[in-house]
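Position 1 is the first residue of the sequence, and the numbers go up from there.
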Amino acid sequence: MTRPYDAQAGLARLAQRVRGSLRTELPALFALTDPVRTPDPLAFASQLAPGSGLVYRHFGAPERFHIGLALAELAHAHGLYLFVSNDLALADAIGAHGVHWPERDLAQAWARRLRGDRRPFTASVHSPAAGLRAARAGIDGVFHSTVFASQSATARRPHGIHAAAALARHVDTAVYPLGGVNADTGRRLIGLGFAGFCCVGALSRD
């Protein structure tokens with residue numbers, strides 16, 4: 001029987017294969033927390049392979065500061081890269097490595113860049129056009145969603161890997177497929193110019 005850490009370490013290795021020789025300082029594998037599929041963010045994060053990126057999406061949870069601080073301590077101890085989604089105050093308070101932005105807030109991300117914020121930024125986008133806007137806004141890593149069919153309640157209709165691959169060919173920004181990526185579908189991403197990939201369900205199930 002495959003242990004959770006072994007399965008997640010396998011996904012991390014696959015993400016490195018997807019990256020190939022592409023150069024970026026961001027992790028190859030990003031894991032995203034989800035209130036439904038990862039109800040215990042600390043347990044979820046504790047099983048990630050060292051070097052993975054973790055995006056904490058709290059959606060306004062009242063205990064977000066305490067969870068965020070615990071995640072920051074765990075990330076430091078386990079060699080993870082912690083990003084906080086759409087909450088600059090929390091990211092600053094816990095010393096997160098970077099900030100993750102939803103597509104609707106790309107203008108805010110660009111404003112932060114203009115004010116001299118140099119920490120790593122990632123962003124979720126849902127079309128190649130939005131991906132181009134993200135690149136122009138100074139985003140370091142674009143999470144292109146939804147690539148494959150996903151169980152996420154917020155997932156949109158999957159548009160396949162070709163739109164995301166086209167974006168990766170046209171921007172210098174690192175592009176990561178998101179949505180339905182697992183040990184099987186992830187192999188289809190190899191050699192297409194991606195910087196790795198993002199997971200939620202594949203990591204939480206394993």
### Task
List the steps and the verdict of side chain to side chain contact (heavy atoms under 4.5 Å, CB included) for I94 and L82.
CA-CA 10 Å; I94 66 175; L82 177 62; 3.8 Å; yes
### Message
Tell me whether L192 shares a hydrophobic cluster with F148, the cluster being built from Ile, Leu, Val, Met, Phe, Trp, Tyr side chains joined at under 4.5 Å.
### Response
yes
### Task
List the atom of A130, the atom of H126, and the distance in Å for their closest heavy-atom pair.
CB-N, 4.4 Å
## Note on the structure
Closest non-hydrogen atoms of N86 and W101, given as atom of the first, atom of the second and distance, are OD1-CE3, 4.5 Å
### Point-to-point distance, once rounded to the nearest 0.5 Å, from CZ of R119 to CZ of F83
10.5 Å
### Query
In Å, rounded to the nearest 0.5 Å, how long is the span from CG of L11 to OG of S52?
9.0 Å
### Query
Any idea which heavy atoms bring P27 and G51 closest together, and the distance?
CB-O, 3.3 Å
### Query
Got a sec, which pairs hit ring-ring contact (aromatic ring centres under 6.0 Å, His included) with one end in residues 37-57, sequence neighbours left out?
Y56-H58
#### Entry: Interatomic spacing from CD in E73 to NE2 in H78 - rounded to 0.5 Å
11.0 Å
### Query
Roughly how far apart are D40 CG and T33 OG1, rounded to 0.5 Å?
11.0 Å
### Task
Just jot down the ring-ring contact (aromatic ring centres under 6.0 Å, His included) partners of F143, sequence neighbours excluded, or say none.
F30, H100, Y176
#### Entry: Heavy-atom closest pair, residues A96 and V84
CB-CG2, 3.8 Å
### Query
Does R17 CZ have over 12 foreign heavy atoms under 6.0 Å away?
no
### Query
Looking only at heavy atoms, which two atoms of V175 and A168 are closest? And how far apart?
CG2-CA, 3.8 Å
### Task
For A183 and L14, work out which heavy atoms get closest and say how close.
O-CD2, 3.7 Å
### Message
Surrounding CZ of R118 (heavy atoms of other residues, nucleotides or ligands, distance under 6.0 Å), is the total greater than 12?
### Response
yes
Mind listing the side-chain donor-acceptor pairs of residues 134-141 below 3.5 Å, one per line with the distance, residues two or more places apart or on another chain?
residue, atom, partner, partner atom, Å
D140, OD2, R113, NH2, 2.7
D140, OD2, F121, N, 2.8

### Query
Once you round to the nearest 0.5 Å, how far does CZ of R13 lie from CG of L29?
11.5 Å
#### Entry: From S127 atom OG to H144 atom NE2, the distance as rounded to the nearest 0.5 Å
6.5 Å
